[in-house]
S.K.: 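Pasting a structure below so you can have a look.
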Amino acid sequence: MSDPAKTPCIICVAITGSVAQKSDNPAVPITVPEQVESVHESFEAGAAIAHCHVRNDDGSPSSDPEKFAALKEGIEAHCPGMIVQLSTGGRSGAGQARGGMLPLRPDMASLSVGSNNFPTRVYENPPDLVSWLASEMRTYDVKPEIEAFDLSHIFRAQEMAEAGELLGTPYVQFVMGVKNAMPVDREVFDFYIKTVHRLFGTDAPWCAAGIGRHQITLNEWAVAAGGHVRTGLEDNVRLDKATLAPSNAALVKRAVEVCEAHERPVATPQEARSILSLRAA
């Protein structure tokens, strides 16, 4: 077993999402050029993964493969080696439209393997759609990031891996702090880690994301426990209760500071690719 305290920490920046608007924070990047610029700033600040959604011109969520293609091309041109992770989340489309960008062969894509409650709706991930998305990811050599909003989602990832629906060791991200879903609870967090290690091996990498004010808490917990972190304006538009985050890069820099406080090196994109067993850039 490797020493988690010495493992470089992968920082994923979730730049836009499907919910936050410029009325919430003017720094939220909406257009593809804004997104590319924001990713580039975050890349220079230390982010190795860009988690990407796209929007329509009016700010509403989209799953348009052409927009994803333009964003992917821009990131690859301006952020050499950075891992591009496209979202198949359900806010921006329905049914198989959620996977319409997978033929672009991004390095990674998010995969929610079960349903759960969100603040005002049910986040539906029917088993047949989950299996189809996983199949498309295998076809196009896209590594899924398993977004676990509930303990059952980790076990579902194990079932899928054993059935050959997921190739390699699943990379699980714990999402905590969504209203009506899993709250931020330290004992649950520790049990999630224990469960991942029991099901996938003690060296299996994992990540954690906290929503809103809980973002910094999950950053600190994950870095201290040897995991990887997600930050960005998708999940949290503030530095603190009174201060809007001036950019995605500012949130990345805060995550870097947490790594430095715990004497964890920040993973380069090349190191992140090795940790996640991704193909070369």
Side-chain angles (χ1 to χ4, degrees), residues 1-14 47-49 51 83-85 87-88 106-114 116 125 130-131 133-134 137-138 141-176 182 184-210 218-231 255 258-259 262-280:
M1 179 180 176
S2 61
D3 182 355
K6 297 180 180 179
T7 302
C9 179
I10 301 168
I11 298 177
C12 172
V13 60
I49 301 176
H51 174 77
I83 296 166
V84 177
Q85 181 188 104
S87 174
T88 67
D107 301 295
M108 301 182 73
S110 60
L111 180 63
S112 297
V113 298
N116 60 278
N125 293 289
V130 172
S131 293
L133 288 169
M137 292 182 195
R138 294 195 307 276
D141 190 23
V142 180
K143 184 174 181 71
E145 177 186 80
I146 306 301
E147 295 195 340
F149 293 88
D150 183 78
L151 179 62
S152 64
H153 299 170
I154 303 175
F155 282 92
R156 178 62 186 137
Q158 181 206 27
E159 293 172 358
M160 294 178 70
E162 289 183 346
E165 292 186 88
L166 304 176
L167 301 180
T169 302
Y171 182 53
V172 178
Q173 176 176 265
F174 317 144
V175 184
M176 308 183 81
M182 181 55 68
V184 175
D185 183 286
R186 185 57 197 246
E187 289 190 20
V188 172
F189 175 80
D190 291 340
F191 189 72
Y192 276 0
I193 300 171
K194 182 178 179 180
T195 301
V196 164
H197 287 168
R198 177 165 62 87
L199 297 181
F200 306 126
T202 53
D203 286 332
W206 55 270
C207 179
L218 268 294
N219 286 172
E220 291 171 346
W221 288 359
V223 170
H228 306 288
V229 303
R230 168 164 145 163
T231 190
V258 174
C259 291
H262 289 274
E263 299 183 344
R264 288 260 324 262
V266 174
T268 65
Q270 292 73 25
E271 288 172 328
R273 287 177 183 275
S274 177
I275 290 167
L276 299 175
S277 300
L278 297 179
R279 62 180 183 269

S.K.: Considering only heavy atoms from C-beta outward, does the side chain of Leu218 approach that of Phe174 to under 4.5 Å?
M.R.: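 No, every pair of side-chain atoms sits at 4.5 Å or beyond.
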
S.K.: What residue pairs, at least two apart or across chains, pass salt bridge (Lys or Arg N to Asp or Glu O under 4.0 Å) with a residue in residues 166-175?
M.R.: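 Every candidate salt bridge (Lys or Arg N to Asp or Glu O under 4.0 Å) pair involving residues 166-175 fails, so no pair, neighbours aside, qualifies.
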
S.K.: Could you name each residue pair satisfying salt bridge (Lys or Arg N to Asp or Glu O under 4.0 Å) that touches residues 151-171, not counting sequence neighbours?
M.R.: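 Matches after skipping sequence neighbours: Arg156-Glu159, Arg156-Glu165.
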
S.K.: Ser152: which residues meet the side chain to side chain donor-acceptor pair (under 3.5 Å) condition with it, sequence neighbours left out?
M.R.: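 Listed in chain order: Asp150.
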
S.K.: Looking at every non-hydrogen atom in both residues, tell me the closest pair between Leu111 and Ala134 and how far apart they are.
M.R.: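 Nearest heavy atoms, Leu111 then Ala134: CD2-CB, 4.2 Å.
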
S.K.: Give, for atom CD of Glu271 and atom CD1 of Ile10, the distance between the pair rounded to the nearest 0.5 Å.
M.R.: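 The CD1 atom of Ile10 is 9.0 Å from CD of Glu271, to the nearest 0.5 Å.
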
S.K.: Of all residues at least two apart in sequence or in a different chain, which pass the side chain to side chain donor-acceptor pair (under 3.5 Å) check with Asp185?
M.R.: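 So Asp185 forms no side chain to side chain donor-acceptor pair (under 3.5 Å) with any residue.
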
S.K.: Apply side-chain contact (heavy atoms from CB on, under 4.5 Å) to His51 and Ser87, showing your working.
M.R.: CA-CA 7 Å; His51 174 77; Ser87 174; 3.8 Å; yes

S.K.: Could you pull out the closest heavy-atom pair between Ile154 and Phe200, with the gap in Å?
M.R.: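 Where Ile154 meets Phe200 most closely, the heavy atoms are O-CZ, 3.9 Å.
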
S.K.: Return the set of residues passing salt bridge (charged side-chain N to carboxylate O under 4.0 Å, His left out) with Glu145 (not counting sequence neighbours), or none when no residue passes.
M.R.: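 Listed in chain order: nothing, the list is empty.
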
S.K.: Nearest 0.5 Å please: distance from the CD atom of Gln158 over to the CD1 atom of Ile146.
M.R.: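 Spacing of CD (Gln158) from CD1 (Ile146) equals 12.5 Å.
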
S.K.: To check you understand the geometry: which heavy-atom pair defines the closest contact between Ala255 and Ile11, and what is its length?
M.R.: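 Here Ala255 and Ile11 meet closest at CB-CD1, 4.0 Å.
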
S.K.: Considering all heavy atoms of both residues, which atom of Ala267 and which atom of Ala48 are nearest to each other, and what is their separation?
M.R.: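 Looks like O-CB, 3.9 Å.
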
S.K.: With rounding to the nearest 0.5 Å, note down the distance linking CZ in Phe189 to CH2 in Trp221.
M.R.: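 Nearest 0.5 Å value for the CZ-CH2 distance: 7.0 Å.
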
S.K.: Can you give me the closest heavy-atom contact between Ser110 and Gln85, atom names plus distance?
M.R.: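 Reported closest heavy-atom pair: N-CG, 4.2 Å.
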
S.K.: Once rounded to the nearest 0.5 Å, what's the spacing between atom CG of Asp107 and atom CZ of Arg273?
M.R.: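 Spacing of CG (Asp107) from CZ (Arg273) equals 4.0 Å.
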
S.K.: I'd like to check the side chain to side chain donor-acceptor pair (under 3.5 Å) partners of Asn125; sequence neighbours left out, ordered by chain and number.
M.R.: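 Scan of Asn125 (side chain to side chain donor-acceptor pair (under 3.5 Å), adjacent residues dropped) gives Arg98.
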
S.K.: Is any NZ, NE, NH1 or NH2 atom of the basic residue among Asp190 and Arg186 found under 4.0 Å from an Asp or Glu carboxylate oxygen of the other?
M.R.: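 Between Arg186 and Asp190 there is a salt bridge, with a charged N closer than 4.0 Å to a carboxylate O.
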
S.K.: How far does CG of Leu278 sit from NZ of Lys143, to the nearest 0.5 angstrom?
M.R.: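 Leu278 atom CG to Lys143 atom NZ measures 6.5 Å (nearest 0.5 Å).
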
S.K.: Go through Val172 and Tyr192 one step at a time and tell me if the side-chain contact (heavy atoms from CB on, under 4.5 Å) criterion holds.
M.R.: CA-CA 10 Å; Val172 178; Tyr192 276 0; over 6 Å; no

S.K.: Within a strict 4.5 Å, meaning less than it, do heavy atoms of the Pro8 and Thr268 side chains meet?
M.R.: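 Side chain of Pro8 against side chain of Thr268, heavy atoms only: no contact under 4.5 Å found.
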
S.K.: Considering all heavy atoms of both residues, which atom of Arg230 and which atom of Cys207 are nearest to each other, and what is their separation?
M.R.: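 Result for this residue pair: N-SG, 3.9 Å.
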
S.K.: To the closest 0.5 Å, what do you measure between OH (Tyr171) and CD1 (Ile275)?
M.R.: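 Here the interatomic distance stands at 8.5 Å.
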
S.K.: Evaluate the side-chain contact (heavy atoms from CB on, under 4.5 Å) criterion for residues His228 and Ile49: first the C-alpha distance (whole Å), next the side-chain angles of each, then the deciding distance (0.1 Å), finally the verdict.
M.R.: CA-CA 11 Å; His228 306 288; Ile49 301 176; over 6 Å; no

S.K.: Is there side-chain contact between Pro144 and Leu166, with heavy atoms separated by less than 4.5 Å?
M.R.: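 Answer yes - side chains close enough.
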
